[in-house]
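Source: prediction; values computed, not measured. These values consider heavy atoms only, across backbone and side chains, with no hydrogens, waters or symmetry-generated copies.
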Amino acid sequence: MIRSRYLIAILLANVNNASGFSVPRSAGIRSFSQKSSFLSSTRSTSQLSMVSTGSELIVGGGDECLFTPEGYGFSSSADRILKQSESNGYYRAAKDDTVADVVEKITTAKPDVALVYDDETLVGIFTERDFIKFSSEKATSANTEEEAAQYLLRPIKDFVTPASSVVAISNDGTASQAIVAMQQNNIRHLVVADVVSKDFTLLKDSSVSGVVSMQDVMLLVQNDERLSLKSLQLKYPNLGPMAQMREQMKSDANKSASNPETAKEDVIKIGAAAAFLASCGLFLSQSGWLHDNAQLAMIAIFIAGYAGIIFEEVFELNKAGIALLMSTGLWITYGDYYQSSGVASENVLEQLKDQLAEVSDICFFLLAASAIVEVVDAHQGFKVVTNQITTKSKKTLFWTIGFLTFFLSAILNNLTVTIVMVSLLRKIIDNEDDRRLFGAMVVVAANAGGVWTPIGDVTTTMLWINHQLSTVPTITELFLPSLACLVGSLFFLVNQVEEDNSLEESSLAEPTPLSTRGSLVFWSGIASLLAVPVFSELTGLPPYLAMLTGLGAMWGLTDVIHMGEEDEESTENLKVPAALARLDTSGILFFLGILMSIGVLDKSGLLKDLAVYLNENLPSQDIIATVIGLASALIDNVPLVAATMGMYDITDYATDDKLWQLIALCAGTGGSILVIGSASGVALMGLEKVDFLWYAKKVSIGAAVGYFAGIATYLLENAILGGGGFMDNILPPALAFVENAQTVS
């Protein structure tokens, strides 16, 4: 975030004419106004510090350096912007003043906007937009010069934007918020008041302080940020702008380390590091306890690592790093201490090679698939689908988005589809509450749609690559249960959608057409993804090779498309290397760590012991799969499915066995019950600021309804296809479970 502040400062320094300044995108402005430790430590004397004289910032002297402190630049308050504008920013008019008088005042004096009052009550605002509307009405209604003159003598109250529609910002609102509000509402002026609503509108008890314009805001921001750059240039005179920025970031990081609060945190960090080093020393010491209790140590390492992954946000440790350390610790314990003399045997090394080869299949598959989708998205290829949505009924849109997401996630990974569909919703739905509900529906639909094809969900892909599932039976036998899960959830959730005219009255931009290149890249990418199972079935080669072949084809296609283009910088972002740079590499390493960890637990026999325990204590495999699905609402479904793959041998449960299909269904759809249960849900939390409790209250019951509807549909389908009755498959295990429970009690 600090980097973005300096980059914007550098850009602003190159602007010579304030009136010609173009406003940065609102997304960048939002991140720009966020606080950081650097911004909050701005209240001491500095060598090149910036001190306020009331109207400007001055570069001064001292030992430290402060740049664009909190309360300046994009974080300047609306109150400060008003003071810098040297007026309250508006002309006060009475409601019965004539249009001619008001127009004369705002065109000859500095304030170019009027606030219209009825005594002390604000009636509305009159800006250049209202004058254009007035002029248009006069031109169409006045047929003679006399009638046109009469129009100018009409009261101003007839042509104002009413107070209820006035966009406003509070006195302590920031410049970045002001810019975002003006951009989103396509206006150039904001009313400043002591209190405003969350929707940037005036309240009944609001007291107006003044009016700020876009020019007022940007003049102040530009002045502050230019001074930031001057300070950098003075402090690092022999470096370029980017090098200056990097040096200052290093300096700020070192300063923050001397903060008392940071010192307290460092004590905790040092303690954690000491514990980690002690555990490493235990491994290196060839402890006799480890030799005697290797299985117990492996279980402890796995539980500790898993806890770190689950509480990633609490500990502020990346789950990929935790997974890699966990896998290393488990393999060391297994190789050097589990039935070993202290050094990994040849057998263990062979097992390690086999496991790495197996895991690499999945990692390369995900890498290539994600890169193809990134290339398609970079060319805006998904407009082929999203531009077809034209309905103005919210409930119809709800069902349309649900089914569209369901089928898209069957050929793309559900995380990517969630991101694409939430981006689409932002172009269709204004209301934030509606958009959150639609976004939650997208999560449910994406998780359900990813189940019934080998390439739709990572857990199904894992089972497919390891031959627990094959292509045709997965599609034919899991489609109806997945569809039942979707329909069951949507029937429940659609009742929360209230029909209104918001879609018809939306001020969002109309969708733009897709270029021929974009269409070509889209259909080529879809063909590459759909060809994977066909390639695998025809050649007998592993799926990851087919996906890498598709990536190579897309690579060549995009290189040819953009060959010889002049604007190399923009076209490079559309090619495969740029797509690879944007990939979530840490996510792929997370899969590597998790699958390597599960592999060593399998090799040691611990997962087999767990499978025996579950079989002895749960009445049927249907219930085992159902429990695994419910657990995936809290725990990442990747390690859950990976553990299940190790628990049950393919020699006992053949390819496309009922157990594997039910596990794929339950693990894929069970994650929708809680927002943290799937990658799609976590993505929604970040994109639309959906919190855990809101999702649990609004969506969890509906997602659970769909989850159990999908399981019931699969069991019914399996019973019919298997020739047995549905109740015959359910009642005996359930009765046996009840009898065992009564015996124990």
Side-chain angles (χ1 to χ4, degrees), residues 268-312 315-364 366 462 466 585-613 635-636 638-647 649:
I268 299 175
K269 294 173 184 176
I270 291 171
F276 176 75
L277 291 174
S279 61
C280 292
L282 182 65
F283 279 104
L284 296 174
S285 66
Q286 292 292 323
S287 168
W289 183 89
L290 276 176
H291 282 284
D292 297 335
N293 301 277
Q295 277 197 337
L296 181 61
M298 291 176 69
I299 294 172
I301 292 171
F302 183 75
I303 292 174
Y306 216 103
I309 292 170
I310 294 173
F311 299 105
E312 175 188 18
F315 298 131
E316 298 183 12
L317 296 173
N318 190 283
K319 64 181 180 182
I322 297 173
L324 291 174
L325 287 174
M326 177 174 68
S327 66
T328 303
L330 287 170
W331 275 101
I332 291 174
T333 306
Y334 175 64
D336 292 358
Y337 297 97
Y338 185 75
Q339 298 177 357
S340 171
S341 60
V343 178
S345 64
E346 288 295 327
N347 181 48
V348 170
L349 293 177
E350 285 299 320
Q351 290 177 330
L352 178 59
K353 290 177 183 178
D354 291 342
Q355 183 64 24
L356 183 59
E358 183 179 314
V359 171
S360 297
D361 286 4
I362 298 175
C363 291
F364 279 117
L366 291 173
M462 289 164 55
N466 285 279
T585 309
S586 65
I588 295 174
L589 290 174
F590 167 69
F591 288 130
L592 174 67
I594 283 292
L595 295 177
M596 290 298 291
S597 299
I598 296 300
V600 69
L601 294 178
D602 178 28
K603 299 294 189 290
S604 67
L606 288 172
L607 293 184
K608 297 294 182 185
D609 295 340
L610 178 60
V612 170
Y613 176 82
I635 302 171
D636 196 302
V638 171
L640 274 177
V641 172
T644 308
M645 290 161 57
M647 287 162 53
D649 201 303

Using a 3.5 Å cut-off and no angle test, enumerate the donor-acceptor pairs between side-chain atoms of residues 320-331 and protein atoms at least two apart in sequence or in another chain.
from : atom 1 : to   : atom 2 : distance (Å)
S327 : OG     : A323 : O      : 3.4
S327 : OG     : L324 : O      : 2.8
T328 : OG1    : L324 : O      : 2.9
W331 : NE1    : M596 : O      : 3.1

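Looking only at side-chain heavy atoms (C-beta outward), L592 and L356 come within less than 4.5 Å of each other.
Residues satisfying the side-chain contact (heavy atoms from CB on, under 4.5 Å) test with D354, not counting sequence neighbours, are none.
The structure places CD1 of I594 at 6.5 Å from CZ of F302, a figure rounded to the nearest 0.5 Å. Atoms OG1 and CD1, on T333 and I299 in that order, are 11.5 Å from each other to the nearest 0.5 Å.
Nearest heavy atom pair, residue Y334 against residue M298, reads CB-CE, 4.0 Å. Across all their heavy atoms, L601 and S604 have their closest contact at O-OG, 2.9 Å.
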